[in-house]
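Lettering follows sequence order; numbering is per chain, from 1. On a predicted model such as this, the values are computed, not experimentally measured, just so you know. Values below: all heavy atoms of this structure, side chains included; hydrogens, waters and symmetry mates excluded.
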There are 2 protein chains.
Amino acid sequence: MLSEAERRCAERQVRLTPQRRRVLEVIADRHGAIGAYEIIARLGEGRSRPAPISVYRALDFLMAQGLVHRLASLNAFIACSGPDRAHGAQFLICRGCGVIGELNDASVEAAIGRAAAAAGFAVAAPLVEVTGLCRSCRTSDAPA
Amino acid sequence: MLSEAERRCAERQVRLTPQRRRVLEVIADRHGAIGAYEIIARLGEGRSRPAPISVYRALDFLMAQGLVHRLASLNAFIACSGPDRAHGAQFLICRGCGVIGELNDASVEAAIGRAAAAAGFAVAAPLVEVTGLCRSCRTSDAPA
DNA sequence: GCCCCACCTGTTACACTATAACATAGCGAA
DNA sequence: TTCGCTATGTTATAGTGTAACAGGTGGGGC
Ligand SMILES: [Zn+2]
Ligand SMILES: [Zn+2]
Ligand SMILES: [Zn+2]
Ligand SMILES: [Zn+2]
């Protein structure tokens, strides 16, 4: 995953500096979403704690490269599960266990495109965040 | 619109108190999204400025009744354009002029439902916020 | 080699968004 | 009337994100 990021940045002629790389590592370590200030806390564990702006700048970079997504409904960030191709962000957020799945379903994107086009709207960045229950939480959460 | 809200609250046996009603008025006046602190400022124009928590409580109420939606990607609130039926929130947000359209397209919701079901995920609250350019901004924004 | 420019990072301070905890007030039903 | 629920007020604080400016780094052209 990290090496994939290296490759991608080299290809794009942008610099995955140590600091940006550390931020990406922290995000990827966590399997799930992580808040910006938790990233700051993790980075500050050994060394000196970076200022918020530093981490936000790294996050901006990583998002621009498509390596990280922002979850607007959680104010949190998550590593992209398949940074190979360009894609809008589609997420399934389990409110039981907090696990997050990245979808990127073409039919969803197509339906959004059609509906937007019908309104004369040109889509730039579709954002889909679905709250609900994942498979395991759904079964363990059997109705009384 | 306000009378529709009155009716809906009466039907549900919940109270659209003066304060909640004023918050709804401020949101509806603005055709578009409005931030919580701007609502506070507007409400404080004549009278004494309410505390943030008061407005947030009113917003929670209005959202629970389906009269207002929250736009997670903007940290802002908007009056529901068709509060009659229950619906997930689907929005088209123009980054040119800031105008916001509420979609609620059944095919989009269906596509999300299908994709989620394929992952074993039970949808509770689908959130769709599409950034792009509205019809008029798209034409006026002709490439150089 | 040297300079210049573009990019990256640090520092400080601040703006914006949202909630916790506890006290008070209104309102209707038993 | 009195109880209990809901709504509101008060105060303080937590959480999230940027502005503005200074300093550092590194590579390419001279
Ligand atoms: Zn992704
Ligand atoms: Zn779950
Ligand atoms: Zn609506
Ligand atoms: Zn527009």
Side-chain angles (χ1 to χ4, degrees), chain A residues 5-6 9-10 12-27 30 32-44 46-65 67-78 98 127 129, chain B residues 5-6 9-10 12-27 30 32-44 46-65 67-78 93 98 127 129 131:
Chain A
E6 302 260 12
C9 289
R12 293 185 162 209
Q13 314 244 25
V14 293
R15 286 190 262 169
L16 184 60
T17 62
Q19 183 161 208
R20 290 168 173 172
R21 191 193 163 100
R22 278 198 297 274
V23 170
L24 180 56
E25 282 172 19
V26 167
I27 297 172
R30 164 80 49 108
I34 183 171
Y37 278 72
E38 194 175 348
I39 296 172
I40 293 169
R42 286 249 187 289
L43 290 178
R47 311 148 254 275
S48 75
R49 176 195 201 82
I53 186 73
S54 295
V55 170
Y56 278 103
R57 287 197 279 228
L59 288 168
D60 286 344
F61 171 84
L62 294 170
M63 285 190 287
Q65 308 312 319
L67 297 168
V68 163
H69 297 290
R70 178 173 144 77
L71 292 163
S73 61
L74 300 178
N75 290 329
F77 302 84
I78 190 170
L127 180 158
E129 295 180 16
Chain B
E6 301 261 12
C9 289
R12 293 186 162 208
Q13 314 245 25
V14 294
R15 286 189 262 170
L16 185 60
T17 61
Q19 184 161 208
R20 290 167 173 174
R21 190 193 163 100
R22 277 198 296 275
V23 170
L24 180 56
E25 282 171 20
V26 168
I27 296 173
R30 164 78 51 107
I34 182 171
Y37 278 71
E38 194 174 347
I39 296 173
I40 294 170
R42 287 247 186 291
L43 291 178
R47 313 148 252 275
S48 74
R49 176 195 201 83
I53 185 76
S54 296
V55 170
Y56 278 103
R57 287 196 279 228
L59 287 169
D60 286 344
F61 170 86
L62 295 169
M63 284 190 287
Q65 307 312 319
L67 297 167
V68 163
H69 297 291
R70 178 174 144 76
L71 292 164
S73 62
L74 300 179
N75 290 328
F77 302 84
I78 190 170
I93 303 168
L127 180 159
E129 296 180 15
T131 301

Engineer: Return the set of residues passing salt bridge (charged side-chain N to carboxylate O under 4.0 Å, His left out) with Arg70(B) (not counting sequence neighbours), or none when no residue passes.
Structural biologist: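 Residues passing salt bridge (charged side-chain N to carboxylate O under 4.0 Å, His left out) with Arg70(B): none at all.
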Engineer: Using side-chain hydrogen bond (donor to acceptor under 3.5 Å, both in side chains) as the criterion, list what pairs up with Ser54(B), not counting sequence neighbours.
Structural biologist: none
Engineer: For DNA chain C, which nucleotides open and close the run of contacts to chain A, 5' to 3', at under 4.0 angstrom from a non-hydrogen atom?
Structural biologist: dC7(C) to dT12(C)
Engineer: If a protein heavy atom is under 4.0 Å from the base, mark B; if only from the sugar-phosphate, S; if neither, -; do that for nucleotides 8-24 of chain D going 5' to 3'.
Structural biologist: BBBB----BBBB-----
Engineer: Can you name the side-chain hydrogen bond (donor to acceptor under 3.5 Å, both in side chains) partners of Arg30(A), sequence neighbours left out?
Structural biologist: Glu38(A)
Engineer: Only counting residues at least two apart or in another chain, list the ones meeting side chain to side chain contact (heavy atoms under 4.5 Å, CB included) with Ala33(A).
Structural biologist: Leu71(A), Leu74(A), Ala76(A), Ile100(A)
Engineer: Which residues satisfy the salt bridge (charged side-chain N to carboxylate O under 4.0 Å, His left out) test with Arg12(A), sequence neighbours excluded?
Structural biologist: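 Testing Arg12(A) for salt bridge (charged side-chain N to carboxylate O under 4.0 Å, His left out), a comparison that skips the adjacent residues, returns none.
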Engineer: If the condition is side-chain hydrogen bond (donor to acceptor under 3.5 Å, both in side chains), which residues does Gln19(B) pass it with, not counting sequence neighbours?
Structural biologist: none
Engineer: Taking salt bridge (charged side-chain N to carboxylate O under 4.0 Å, His left out) as the test, write out the residues that go with Glu25(A), two or more places apart.
Structural biologist: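 Counting only residues at least two positions away or on another chain, Glu25(A) forms a salt bridge (charged side-chain N to carboxylate O under 4.0 Å, His left out) with Arg21(A).
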